[in-house]
Structures are given as C-alpha cells and as structure tokens.
Amino acid sequence: FSLEGYISTSGKANRDERIFTAFLILESLPTLPFFATESVPSSLKKGIHGKPYFENSSIKINIAHNADFVLVAYDENAEIGVDLEGEIKPQKAEKLSERFASISSLKTAKLEEKISAFIMNKNRKFESIKLSTADENFTAKWTTAEAIMKCDGRGFSALPELEKIKEKMKICTMVFDSENGKEYIAVAIKK
C-alpha cells in the first residue's frame, strides 16, 4: 500500500497533482516542531475499513481528497478524521438527505480552533487560504459526518451511532471559496 494507491483509488481528475501535493505535505512533516521528539514514520498502511495509519507510530493520520484538493491531517496521539467535499448540488443533496436521515439532522461545529489550510498555486508554491465557519447546509453536514466516521475508523458502518460517536469527539467544520465554488472541510479528533 502506498500514498499513491490510496489517493488514486477515487479515479477522479487531477490525480497526479493530488498525489504530488500529498507527498509534499507528508514530506514536510519532519520540519514541523511536532517531530522534534518523534521519529518520522515511513510505513503508511491501510486498516480493515480503509483508514490510513503509520505502522509502529503514535502519530495518527487521515487523508481526504476530491477532484481538486488533498487534505492531510495528523495528531500525535488522538485518532483523527477529515473530509473534504465540494458543494453537493441540491437535487443530489435531497436524495442523500432522504437516504441518510441521521446526517440530515446533524449539527455542524463552529470554527473555534486554529486550523490552517494551504493550497498549491500555479507556481507550485503553497499559499494559505481563508477558512470560515461552515453554514448548516447538507454539504456541511455530510462533510462533518464523514470526518466523524473516518475518525471512528469504521466508516459508514458507524452511521447508526453517529450522534453517540460525535459526543466523544472535538469537531470543526469549515468552508472556503475556490475557483470552482465552495469547498467544505471537517476535522474530527477523539477527545
């Protein structure tokens, strides 16, 4: 299993750029202050429900991607889940809302923590993007639910317990404007 294998399974556009971006993010980990006492993990594995993890490391990682972006989040000890979604069109949102009632009733959490996001510009340089608190539309709820389920580690099999699982996590749902419209990000960390 490799990062390229993990990201390319979606078969979406810009696959090579997303893989390149994810590698850059992971390669930058050793330069972060966090790794001053922790050795950098070298073996990325995939759990039974698809959650990525580093073998023999206390560092928890999660990866999300869509057609244009890759999001990599990590924590030294706590399980983490992230999701990244472009705006879900109203007709599709309505169908999903009917099918997944537990997601429709979910409340998103406000942007309370210092979370930074970066985008690679056309010159292949990272620049920060402005994150705002997400609204309460279906895309924000869907993104929040996915981050919770990914943090839990069981994916959609955890859906029936969503509200119960949510109580054991710190959650933040954000939005930013891209050239293709709104993009939603949710982060869930076990307390």
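These values consider heavy atoms only, across backbone and side chains, with no hydrogens, waters or symmetry-generated copies.
Judged purely by atom type and a 3.5 angstrom limit, Lys141 has no side-chain atom pairing as donor or acceptor with the backbone of Thr108.
Applying the ring-ring contact (aromatic ring centres under 6.0 Å, His included) rule to pairs touching residues 160-186 yields Phe69-Phe176, sequence neighbours excluded. For residues 88-101, the pairs satisfying side-chain hydrogen bond (donor to acceptor under 3.5 Å, both in side chains) are Ser97-Ser104, with sequence neighbours left out.
Residues Ala73 and Ile80 approach most closely at CB-CD1, 3.7 Å, considering heavy atoms. Between Ala64 and Leu84, the closest heavy-atom pair is CB-N, 3.7 Å. Considering all non-hydrogen atoms of both residues, Ala147 and Ala188 come closest at O-CB, 3.6 Å. Scanning both residues, Lys150 and Ile63, for their nearest heavy atoms gives NZ-O, 2.8 Å.
Inter-residue side-chain proximity for Val82 and Ile185 is flagged as unmet; no heavy-atom pair is nearer than 4.5 Å. Residues Glu136 and Lys107 form a side-chain contact, since some pair of their non-hydrogen atoms from C-beta on lies under 4.5 Å apart. By the 4.5 Å heavy-atom criterion applied to side chains, Asn66 and Glu85 are not counted as neighbours.
By the side-chain hydrogen bond (donor to acceptor under 3.5 Å, both in side chains) test, Glu179 is found to be paired with no residue, residues two or more places apart in sequence or in another chain being considered. In this structure, the ring pair (Phe, Tyr, Trp, His ring centres under 6.0 Å) partners of Phe156, at least two apart in sequence or on a different chain, are Phe100, Trp142. In terms of the side-chain hydrogen bond (donor to acceptor under 3.5 Å, both in side chains) criterion, residue partners of Asn180 (sequence neighbours excluded) are, by chain and number, Asp68. When the side-chain hydrogen bond (donor to acceptor under 3.5 Å, both in side chains) test is applied to Asp83, no partner is found at least two apart in sequence or on another chain. Here Asp135 pairs with Lys182 under the salt bridge (charged side-chain N to carboxylate O under 4.0 Å, His left out) rule; sequence neighbours left out. A search for salt bridge (charged side-chain N to carboxylate O under 4.0 Å, His left out) contacts involving Lys60 returns Glu79, not counting sequence neighbours. When the side-chain hydrogen bond (donor to acceptor under 3.5 Å, both in side chains) test is applied to Thr144, the partners found at least two apart in sequence or on another chain are Thr173. Listed by chain and number, the residues in a salt bridge (charged side-chain N to carboxylate O under 4.0 Å, His left out) with Glu163 amount to none (sequence neighbours excluded).
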Does the side chain to side chain contact (heavy atoms under 4.5 Å, CB included) test come out yes or no for Asp75 and Lys190, once each step is laid out? CA-CA 10 Å; Asp75 191 275; Lys190 279 197 179 167; over 6 Å; no

Quick one: do Asn62 and Cys151 satisfy side chain to side chain contact (heavy atoms under 4.5 Å, CB included)? Show the steps, please. CA-CA 8 Å; Asn62 205 239; Cys151 182; over 6 Å; no

Evaluate side chain to side chain contact (heavy atoms under 4.5 Å, CB included) for Glu161 paired with Asp152, printing each intermediate quantity in order. CA-CA 10 Å; Glu161 303 172 55; Asp152 177 74; over 6 Å; no

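One distance of note links CE of Met174 with OG1 of Thr133; it measures 9.0 Å at 0.5 Å rounding. Atom CG in Leu162 sits 5.0 Å away from atom CD1 in Ile148 (nearest 0.5 Å). Going from atom CG of Asn77 over to atom CD1 of Ile189 covers 11.5 Å, rounded to the nearest 0.5 Å.
Cluster membership check: Phe138 does not share its hydrophobic cluster with Val175, using side-chain heavy-atom separations under 4.5 Å among Ile, Leu, Val, Met, Phe, Trp and Tyr.
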